[in-house]
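What you see below is based on every heavy atom in this structure, not just the backbone, and it leaves out hydrogens, waters and symmetry mates.
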There are 4 protein chains.
Amino acid sequence: MIHVNKRSGMESKKKILVAATKVFSDYGYKGASMRMIAGAAGISIGGLYLYFKNKEDLYGTLIRNRLDDLTEETRETLRDIQDPAEAMSTFISMRVKYARKHRELILVLGKEQAITFGLKAKRKFFEDQRRVIEEIVRKGITSGRFRSCDESEVAKIIICALRGFILSMIVEPDALFSHEECSNLILKGILAKK
Amino acid sequence: MIHVNKRSGMESKKKILVAATKVFSDYGYKGASMRMIAGAAGISIGGLYLYFKNKEDLYGTLIRNRLDDLTEETRETLRDIQDPAEAMSTFISMRVKYARKHRELILVLGKEQAITFGLKAKRKFFEDQRRVIEEIVRKGITSGRFRSCDESEVAKIIICALRGFILSMIVEPDALFSHEECSNLILKGILAKK
Amino acid sequence: MIHVNKRSGMESKKKILVAATKVFSDYGYKGASMRMIAGAAGISIGGLYLYFKNKEDLYGTLIRNRLDDLTEETRETLRDIQDPAEAMSTFISMRVKYARKHRELILVLGKEQAITFGLKAKRKFFEDQRRVIEEIVRKGITSGRFRSCDESEVAKIIICALRGFILSMIVEPDALFSHEECSNLILKGILAKK
Amino acid sequence: MIHVNKRSGMESKKKILVAATKVFSDYGYKGASMRMIAGAAGISIGGLYLYFKNKEDLYGTLIRNRLDDLTEETRETLRDIQDPAEAMSTFISMRVKYARKHRELILVLGKEQAITFGLKAKRKFFEDQRRVIEEIVRKGITSGRFRSCDESEVAKIIICALRGFILSMIVEPDALFSHEECSNLILKGILAKK
DNA sequence: TATGAATGAGGGTTCATTCAT
DNA sequence: CATGAATGAACCCTCATTCAT
């Protein structure tokens with residue numbers, strides 16, 4: 001009269017991750033309980049600990065997976081684009097669409113202690129993403145397509161705008177910009193031509 | 001041997017709010033415990049409940065205070081500025097400086113349920129801030145200083161960038177842009193002049 | 001800007017006792033808080049401790065007062081009655097009416113610890129009341145008005161019936177008997193005459 | 001080093017109920033703490049919440065169990081008795097013995113708010129018990145065994161006497177009548193035969 | 001692999017009591 | 001006499017984690 005479900009380890013692990021993504025997203029790290037996650041995954045509480053060392057590990061795995069996924073998508077998207085302006089637009093568009101599609105996971109949970117692992121993974125990802133934009137800007141300046149400017153600062157601004165977009169999905173869904181308008185503004189600015 | 005400190009009511013309340021701001025900011029709403037806050041405020045646990053009905057009330061008061069403060073500062077800052085471009089720069093500058101100065105409070109706590117009051121107050125504030133930028137842009141377009149564009153979209157983008165700035169203070173302090181560069185980018189864009 | 005109300009000590013003490021009677025009756029000993037009582041009495045919390053050592057003392061005083069009151073009323077009521085049957089009816093009637101009139105105080109709070117003082121006072125009162133009935137029955141038997149019986153047992157039964165009446169006022173207000181019917185039953189029994 | 005005992009669910013639940021009965025009875029609803037109950041049951045605090053939603057649920061379950069038990073015992077006891085006088089004596093005897101045997105549970109907790117469920121169940125039980133006595137009396141009158149009287153009033157008096165008996169077990173253990181004497185008094189009254 | 005009863009620290013909150021004013 | 005801010009133990013309850021099965 002013991003275990004009922006028999007599945008492969010991978011199957012269970014995936015199931016848990018999917019469920020956990022939803023639950024963490026709905027309730028936050030501290031608000032989500034292992035019981036909730038187990039319930040959503042259709043597994044026992046003990047079962048969770050077969051695949052993940054603890055709550056933090058589960059959360060960290062989740063974050064890393066999503067981050068790797070997005071890193072890969074970024075690489076794919078930009079692979080064959082030469083024009084820096086187009087690359088910029090495409091990057092912004094991709095990130096906005098990705099955020100809208102995976103709205104169930106918000107990559108942000110403040111400094112809540114004990115999630116250091118997740119934070120570390122995030123930090124690396126963030127830096128990588130910034131490098132990507134910096135590179136685009138640098139190529140734009142070199143090729144004369146972009147005006148001379150501090151590529152690092154521009155990258156920071158764009159990252160912040162995208163980060164703000166994600167955050168707005170939670171706190172102010174009415175304030176979500178369209179990626180076309182965003183690209184347009186970044187490229188042309190708002191001042192009238194003389 | 002009961003109570004040691006005797007303070008005026010106002011003094012205690014202020015002390016609590018300052019401490020709570022720090023603790024909520026460090027640990028998030030759920031991660032912050034009333035014991036932590038009491039400790040940080042140098043007051044007993046029971047003392048907290050002398051000034052605030054409960055945790056949510058304390059948090060809500062905090063949020064409202066900060067929001068009102070920032071609303072007032074926004075009004076003051078923009079009062080006498082006529083040039084839309086200058087207004088834009090000044091707004092961005094003020095918000096960035098404010099965020100840096102009050103880095104201890106992050107106006108964001110996700111969907112954590114039961115903080116509806118705080119959320120509602122935040123929503124109103126967010127909308128107000130957006131209206132302010134929209135108005136600046138509108139005046140810029142009317143006066144011919146800005147090119148024709150969708151003022152609502154521009155406002156959203158700027159809000160998101162600032163929102164992202166605040167969030168970055170927590171998750172990626174290296175990615176904080178300078179307000180001059182930001183204003184510059186918004187105004188002039190990144191494309192080279194033909 | 002200190003104290004507002006200035007009254008004689010007796011006045012305040014009385015006020016507190018009246019308020020406490022109501023509050024204890026409504027919420028039980030543990031359910032009643034000193035704050036509630038202070039509020040109901042229109043006095044400060046600290047003021048309570050000017051007149052009573054602590055919660056238990058306040059409760060005990062309350063109980064003792066009511067008990068003394070009822071003891072006196074019992075004596076008064078039975079003073080001039082000679083006929084044992086009439087004495088019995090009158091006693092029952094008086095007790096029922098007293099209970100109905102002072103329904104705000106139920107002289108019963110289980111074994112709730114720390115109310116030992118109250119309990120002790122109650123014990124003495126209970127025994128006294130039983131002695132009164134025993135005496136009536138004894139006189140009835142001696143005079144030939146009552147049949148031979150164990151006066152102690154009869155007293156216990158009557159006390160229990162009255163005690164049950166008070167309790168019923170709380171838990172089953174529909175089950176309150178009329179004192180006439182009760183006296184009648186006690187005196188004549190329920191069996192048909194042969 | 002986590003949990004020590006491993007028991008079947010039923011075993012634990014029973015253990016808790018037994019312990020809770022004792023503790024509630026000793027200290028009252030508000031006076032009894034979940035910690036006390038857990039200790040008395042030899043289980044952890046958290047364990048309590050595995051079997052009962054909360055304190056009120058635990059209390060309610062307790063009350064319902066005891067009430068159902070006594071209802072069943074009443075039915076069994078009176079099933080085959082035809083003579084109303086005998087039925088009356090037997091009923092009283094059974095109730096007194098039951099009270100003595102299960103002295104650990106006092107079915108009474110005043111108006112303490114938030115125990116509405118328990119109260120409702122109690123109300124129904126009380127009414128049922130009264131109906132049982134009324135029926136006995138009615139049959140007695142019809143058969144000519146009892147004198148004409150108000151069966152409802154008689155039932156109330158008997159219920160109150162028994163209720164008072166239970167209460168006396170707590171507040172005045174010396175005042176417990178014998179069921180024989182009680183039956184005798186109810187049946188024959190106290191007046192001498194002319 | 002899988003289960004879920006069991007644990008106990010820790011969460012938010014209340015409240016009898018004290019004491020500087 | 002009177003006040004009420006302050007205290008801190010104790011309350012009910014939750015939840016990450018473990019382990020016998």
Side-chain angles (χ1 to χ4, degrees), chain A residues 1-9 12 30-38 43-51 53-56 58 114, chain B residues 1-9 11-13 30-38 43-56 58, chain C residues 1-9 12 30-38 43-51 53-56 58 114, chain D residues 1-9 11-13 30-38 43-56 58:
Chain A
M1 62 189 67
I2 298 299
H3 61 225
V4 184
N5 299 321
K6 191 105 183 182
R7 341 175 233 283
S8 79
S12 287
K30 298 220 66 149
S33 77
M34 295 301 265
R35 185 181 303 275
M36 283 172 178
I37 295 170
I43 207 176
S44 69
I45 294 181
L48 256 34
Y49 289 84
L50 253 28
Y51 298 98
K53 196 154 55 62
N54 51 32
K55 191 182 182 181
E56 187 181 338
L58 171 50
Chain B
M1 59 196 68
I2 292 269
H3 87 150
V4 184
N5 301 321
K6 195 87 184 188
R7 283 190 285 272
S8 83
E11 201 181 336
S12 287
K13 188 158 187 171
K30 299 212 70 150
S33 80
M34 294 301 267
R35 278 167 181 74
M36 283 175 184
I37 295 170
I43 208 179
S44 67
I45 297 176
L48 256 33
Y49 291 85
L50 251 28
Y51 299 98
F52 301 94
K53 198 155 52 62
N54 51 33
K55 190 182 184 182
E56 188 180 340
L58 172 49
Chain C
M1 65 189 63
I2 298 298
H3 63 224
V4 184
N5 298 321
K6 191 104 184 181
R7 335 178 237 282
S8 80
S12 287
K30 298 220 67 150
S33 77
M34 294 301 265
R35 184 180 304 273
M36 283 173 179
I37 294 170
I43 206 176
S44 68
I45 294 180
L48 256 34
Y49 289 85
L50 253 28
Y51 300 97
K53 195 154 54 63
N54 51 31
K55 191 181 183 183
E56 186 181 339
L58 171 50
Chain D
M1 60 195 69
I2 295 271
H3 86 152
V4 184
N5 299 321
K6 195 88 184 188
R7 284 191 286 273
S8 83
E11 201 180 336
S12 288
K13 189 158 186 170
K30 299 213 71 153
S33 79
M34 294 302 265
R35 191 179 303 275
M36 283 174 183
I37 295 171
I43 207 177
S44 66
I45 295 176
L48 256 33
Y49 292 87
L50 252 29
Y51 300 98
F52 302 94
K53 197 156 52 62
N54 51 33
K55 190 181 182 181
E56 189 180 339
L58 171 50

Looking at CZ of Phe52(D) and CD1 of Ile37(D), how far apart are the two atoms once the value is rounded to the nearest 0.5 Å? 9.5 Å

Report yes if a side-chain nitrogen or oxygen of Ser12(C) is closer than 4.0 Å to either non-bridging phosphate oxygen (OP1 or OP2) of dC1(F); otherwise report no. no

Please report the distance, rounded to the nearest Å, between CG in Leu50(D) and P in dG4(E). 12 Å

Roughly how many Å is it from CD1 in Ile43(A) to C1' in dT3(E), rounded to a whole number? 10 Å

Who are the side chain to side chain contact (heavy atoms under 4.5 Å, CB included) partners of Ile45(D), not counting sequence neighbours? Arg35(D), Ala38(D), Tyr49(D)

For Leu48(D) and Met34(D), which heavy atoms make the closest approach, and how far apart are they? CD2-O, 3.2 Å

For DNA chain E, the expected dot-bracket line (Watson-Crick or G-U under 3.5 Å, [ ] crossing, | inter-strand) is .||||||||||||||||||||

Enter the distance from Leu50(B):CG to Ser12(B):OG here, rounded to the nearest 0.5 Å. 8.5 Å

To the nearest angstrom, the CG-C1' distance between Leu48(D) and dC11(F) comes to 14 Å

What nitrogen or oxygen pairs link the protein and nucleotides 13-15 of chain E at under 3.5 Å?
unit_1: dT13(E); atom_1: OP2; unit_2: Tyr49(B); atom_2: OH; d: 2.8
unit_1: dT13(E); atom_1: OP2; unit_2: Lys55(B); atom_2: N; d: 2.8
unit_1: dT13(E); atom_1: O5'; unit_2: Tyr49(B); atom_2: OH; d: 3.3

